[in-house]
2 protein chains.
Amino acid sequence: MFSKACEYGIRASTYIALQSHEGKRASLKDIARETDSPVAFTAKILQQLSKNKIIDSVQGAAGGFEIVKSKINHIKLSEIVYAIDGDNVYMGCGLGLEKCNANKPCPVHDKFVAIRDDLRDMLENTTLYEMTSGLEVGLTYLKR
Amino acid sequence: MFSKACEYGIRASTYIALQSHEGKRASLKDIARETDSPVAFTAKILQQLSKNKIIDSVQGAAGGFEIVKSKINHIKLSEIVYAIDGDNVYMGCGLGLEKCNANKPCPVHDKFVAIRDDLRDMLENTTLYEMTSGLEVGLTYLKR
DNA sequence: TCAAAATAGGACAATTTTGTCCTATTTAAT
DNA sequence: ATTAAATAGGACAAAATTGTCCTATTTTGA
């Protein structure tokens, strides 16, 4: 569904949000370890998220990544996905047609639209905060 | 969502079903042209579909690909997707975790399960016949 | 029998995605 | 000032996906 880069990106963002919520800055090493992701590849993705203003990066010793506390509640999963994978996941044609639309639809257009609408809805209504809430109490996991 | 190979495979299968319904055998060239797919790559995918008993191939002059009429109504989209992409699309974890499940879920497990269930449902309840019905009357398209 | 037309399949090539490595830069602390 | 620890970013490498090409095989029809 999502690219590997996007999966790592979501996991990383969630971990950073969790740490930021506790007032801690997260280092690349920690992020990679706690989300079971390849370090250098994750670094690239964090750069991308940083450029897209989803996370903040702080250079230098004691630097790392963080998310302004007040934003954690407002950042949607959809923004992270969009920053990394674009909107093709919930916009493109299920059969890969360039110009598939309600006027000249592919044979499964309507059915895919329904699924994709649900997906978009879900992504746009899930905040980073919501994703961290289960982690703190050990109900959900970012690796395994 | 699906791989290119899978998209081509679905389009090809649909076209073959359409032709078979009219008693015609479809040649690789026709299939590729009518679904706007790369010829040689499509050939590989058709081999795969043939090995998975979804379509029949007939070698030799006047050969081609076909689907037994009585099967068109029973072949589900899910079978085509499974033959080419496996079941990861509607089984795997949205965040890419190996062992994500209801017991040790990722932060979006439940939400993804809902979407994926809908997707699987849709794929399992859409037959090839259903996909061809709009094509005949020009309501739907396989290229563009 | 032979030629033509079609699929089968192996080998290879191009592209994209995933991932690594090295150096530069920034910053904190001593 | 210097050193150490961290991110930034470019270059490269590996793997997966997408795609091509060539030859072999099968089958029909003249």
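Just so it is clear: chains get the letters A, B, ... in the order the sequence lines come, proteins before strands, and each one is counted from 1. This is a predicted model, so every value here is computed, not measured.
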- line: Whole-Å distance, B:R25 CZ to D:dT28 P, equals 8 Å
What does the list of N/O pairs under 3.5 Å between the protein and nucleotides 12-18 of chain D look like, with a distance for each?
residue, atom, partner, partner atom, Å
D:dT18, OP1, B:K4, N, 3.0

message: In this structure, how many angstroms lie between the P atom of C:dT17 and the CD1 atom of A:I45, rounded?
response: 13 Å
Identify all side-chain donor-acceptor contacts of residues 98-114 of chain A below 3.5 Å with residues at least two apart in sequence or on another chain.
residue, atom, partner, partner atom, Å
A:N101, OD1, A:N103, N, 2.8
A:N101, OD1, A:K104, N, 2.9
A:K111, NZ, B:T126, OG1, 2.9
A:K111, NZ, B:E130, OE2, 2.8

Validation: residues 58-73 of chain B side-chain donor-acceptor distances under 3.5 Å, sequence neighbours left out:
residue, atom, partner, partner atom, Å
B:E66, OE1, B:R25, NE, 2.9
B:K71, NZ, B:K53, O, 2.7

query: Considering residues at least two apart in sequence or located in another chain, which fulfil the side chain to side chain contact (heavy atoms under 4.5 Å, CB included) criterion with B:A12?
result: B:I31, B:L46
- prompt: Once you round it to whole Å, what is the distance between P of D:dG19 and CD of B:Q48?
  reply: 14 Å
query: Out of curiosity, B:L123 CG to B:K76 NZ, how far, rounded to the nearest 0.5 Å?
result: 12.0 Å
task: May I ask you to decide if A:G92's main-chain N or O and A:R116's side chain share a donor-acceptor pair within less than 3.5 Å?
output: yes
All N/O pairs under 3.5 Å across the protein-nucleotides 6-10 of chain C interface:
residue, atom, partner, partner atom, Å
C:dT7, OP1, B:L28, N, 2.7
C:dT7, O3', B:S57, OG, 3.4
C:dT7, O2, B:Q59, NE2, 3.2
C:dA8, OP1, B:S57, OG, 2.4
C:dA8, O4', B:Q59, NE2, 3.4
C:dG9, N7, B:Q47, NE2, 3.2
C:dG10, N7, B:K44, NZ, 3.0
C:dG10, O6, B:K44, NZ, 2.5

query: Do A:R144 side-chain atoms and A:D36 backbone N/O form a donor-acceptor pair below 3.5 Å?
result: no
- prompt: Would you say the side-chain atoms of A:N125 pair up with the backbone N or O of A:D121, donor to acceptor, closer than 3.5 Å?
  reply: yes
message: According to side chain to side chain donor-acceptor pair (under 3.5 Å), who are the partners of A:T14, at least two apart in sequence or on a separate chain?
response: none
